[in-house]
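Within every chain, numbering begins at 1; the chains are lettered A, B, ... in the order of the sequence lines, protein sequences first and strands thereafter.
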Amino acid sequence: MTDQNQQKNENSKVVKKLLLATVFMFGFGYALVPLYNIFCDITGLNGKTSDQAAVVKAADIDNNRWVTVEFIGNLNDNMPWKFRPAISKMKVRPGEPSRINYVAKNVSSSSITGNAVPSVSPGQAAKYFTKTECFCFTQQELKSGEEKEMPVVFIVDKNLPKRINTVTLSYTFFNSPVAKKEKSSVSMAKK
Amino acid sequence: MSDDHHDHKPTGLGRWLFSTNHKDIGTMYLWFSFIMLFIGGGMAMIIRAELYQPGMQLVDPDFFNQMTTLHGLIMVFGVIMPAFVGFANWLVPMMIGAPDMALPRMNNMSFWILPFAFGTLLSTLFMEGSAPNFGWTFYAPLSTTYGPASTDYFIFGVHLMGISSIMGSINVIVTILNMRAPGMTLMKMPIFVWTWLITAFLLIAVMPVLAGVVTMMLTDRNFGTSFFEAAGGGDPVMFQHVFWFFGHPEVYIMILPSFGIISQIIPTFARKKLFGYSSMVYATASIAILSFIVWAHHMYTVGMPLAGELFFMLATMLIAVPTGVKVFNWTATMWKGSLTFETPMLFSVAFIILFTIGGFSGLMMSITPVDFQYHDTYFIVAHFHYVLVTGALFAIFAGAYYWLPKWTGNMYDETLGKVHFWISLVSVNVLFFPMHFLGLAGMPRRIPDYALQFTDFNQMASIGAFVFGGIQLLFLYIVIKCIRGGEKATDQVWEGAEGLEFEQLPSPAPFHSFTQAPEVK
Ligand code: HEM
Ligand SMILES: [Cu+2]
């Protein structure tokens, strides 16, 4: 009997450790999310640019080089807006802040909140592309029929590798998830 | 099961519902897996019938996608994994000289969760809209933003499977660590026990991650989070990272126990000791550890940086080394042995050769630049069916033939067993080998229709599939026939068999075995 009790004790010790390991690994799965984002931020992989305004030190401009920056505006499915850059490309000096406008118009009959997600291509350039002002830092709300000019101020770092001379900045406007949820529940009801 | 022993056991439905006996639970796991094999196999038949000719023949594309999705999920989680848990239940206590599993009540629960898990999964077929149709890898946003309403039931099913596997693994680990008979040191344990110990640790490490990823899906779908939704700052590529962090170790979860089974069978029919016992143990452990750092070889084409591609390529190739050690050891065990080829041995030898073919195609795909060509083609389908069907499933067949006489007390019908083997061997190769060529020629996977030039190889594969599927009914017949009677098995069953279950227990193994710990030399 004592033998059996002892066995039970030892078993429950191991069980406790294994349950702890299970909980730990469940947490680890979630921890992968911030780890992944930190990893992408530091390395600039994935074409992800920072989602915060950069603070720029005194201008240090490379006057011997031109870099072409191209602009693209996309809309996700279910986004009843019109969205495009005011100009499709420009030449900039590395280190010099430049400003351009994107134009968005809500062509639907209701007010919609959107999220712009930026992406830079080629991916290696993402690290060298900073924005000091951008409509993508916050959500944008447009009333039905409203049109809005939205500025971006960006700087191409002068350490951008020499072999890259064209950088493409692309934005995709998404219907903000909260707003979209209401929409999808409507379409579900129709089914 | 014939019962001419004096030990008392409960009868009727209650015996199965409330069973805490490792043998009964093992039997239930094996039957569950067998039933699932026919359900998942039926889906495969639908897939191959549709692909017999180009053009849309029998089913519409959405249903086709539901079939590939459910086929994959059922075969992985409903057939291979439960079958191995069934083997573990039957064999681990007998092999280490324990009276039962350490946690018998939890054992009962972890089995009975499974019918609910798969009932939930299969019920999606009858729901409005459609069953899950995004592939067994359920990539976001296909499964989140675009998933059918039934996806939430799929998620619930996966949660249940995860809980069941984790409880099962905890049980295996506690049993192996705490219940060994005196004298059964770790390095004396049969390799099957070793491989299961390591598999159980893998399960505990990655099943919670799978549970995490489906939970994130659930909250993305229903509670407004944006883990994988770009609109809210999430990232669909991250889904793939988290999924494959689970997924690659998962493929080893499905193969390590079969390494264990093969390592038990080969020495018996070679009448020699296993060559390189300790290197087998270390090879298994290194495969398990390496399996955590290779996941992105499933993602070469998502746009990783060069350094990442290189790292994952080299790490993946490294896994081939311990795997090669194992193949070498099995071959060396057979070398100059006095071999006989009963059905379990036939399946084992076929396993070694065909699993190695699957390993080779794996090595080809591990080379990043060429994988850009192979990725998402039938070449992948060929690869994983060689490692999973002629690998894991053949090992399950081999193990079933090998231990059935010990379990039932009767020999199976050797002639029928050989017929089952040879027809399976030929048809499985007719089924899967042409897929290599289809993939190299550019036929994408997961499509219901294809270009005309792929017709011949697809017809070969479909014919192979119908034969392979059909012949498994013979296996069912052989198993039932063996349970019902037949030539009595000796206690040792096989002339060269070693291990506690063959040397110290009668055939059939009594309902309660090793209530007194055996003596281990
Ligand atoms: C030498 C050992 C192996 C190597 C080098 C290897 C390599 C690979 C690679 C590179 C891929 C991804 C190909 C692509 O999608 O482009 C892959 C896919 C796969 N492998 Fe292996 N593999 C090996 C062994 C195994 C084993 C033992 C199993 C299972 C028992 C397995 C199961 C799978 C599965 C299921 C997939 C496809 C997953 C999917 O996309 O649906 N592999 N393998
Ligand atoms: Cu893998």
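With a threshold of 4.5 angstrom between heavy atoms, B:I166 approaches chain A through side-chain atoms but not through N, CA, C or O. B:F243 does not touch chain A: none of its heavy atoms, backbone or side chain, sits under 4.5 Å away. Of the two parts of B:T215, the backbone and the side chain both hold a non-hydrogen atom closer than 4.5 Å to a non-hydrogen atom of chain A. If you measure heavy-atom distances from B:L210 to chain A, you find no contacts under 4.5 Å at all. Interface remark: A:Y30 contributes backbone and side-chain atoms alike to the contact with chain B (heavy atom separation under 4.5 Å). For a residue to count as touching a neighbouring chain, one of its non-hydrogen atoms must lie under 4.5 Å from one of that chain's; by this rule B:F201 touches chain A with the side chain only.
Your options are B:N178, B:V213, B:V209, and the one with the most heavy-atom pairs under 4.5 Å with chain A is B:N178. Ranked by heavy-atom pairs under 4.5 Å with chain A, the list B:M179, B:M207, B:M304 is led by B:M179. Comparing A:V14, A:V23, A:T22 by how many heavy-atom pairs each has under 4.5 Å with chain B, the most go to A:T22.
Here the two rings, on B:H248 and B:W295, have centers that are 6.0 Å apart or farther. Taking the six-membered ring for Trp and the full ring otherwise, the centers of A:F28 and B:F245 sit less than 6.0 Å from each other.
Atoms OG and OH, on B:S123 and B:Y153 in that order, are 7.5 Å from each other to the nearest 0.5 Å. Here B:N133 contributes atom CG and B:T151 contributes atom OG1; the two are 7.0 Å apart, rounded to the nearest 0.5 Å. Rounding to the nearest 0.5 Å places NZ of A:K127 at 10.0 Å from CG of A:D157.
Taking a cutoff of 4.0 Å between a charged side-chain nitrogen and a carboxylate oxygen, A:E133 and A:R99 qualify as a salt bridge. A:D62 has no carboxylate O lying under 4.0 Å from a charged side-chain N of A:R93, or vice versa, which leaves the two without a salt bridge.
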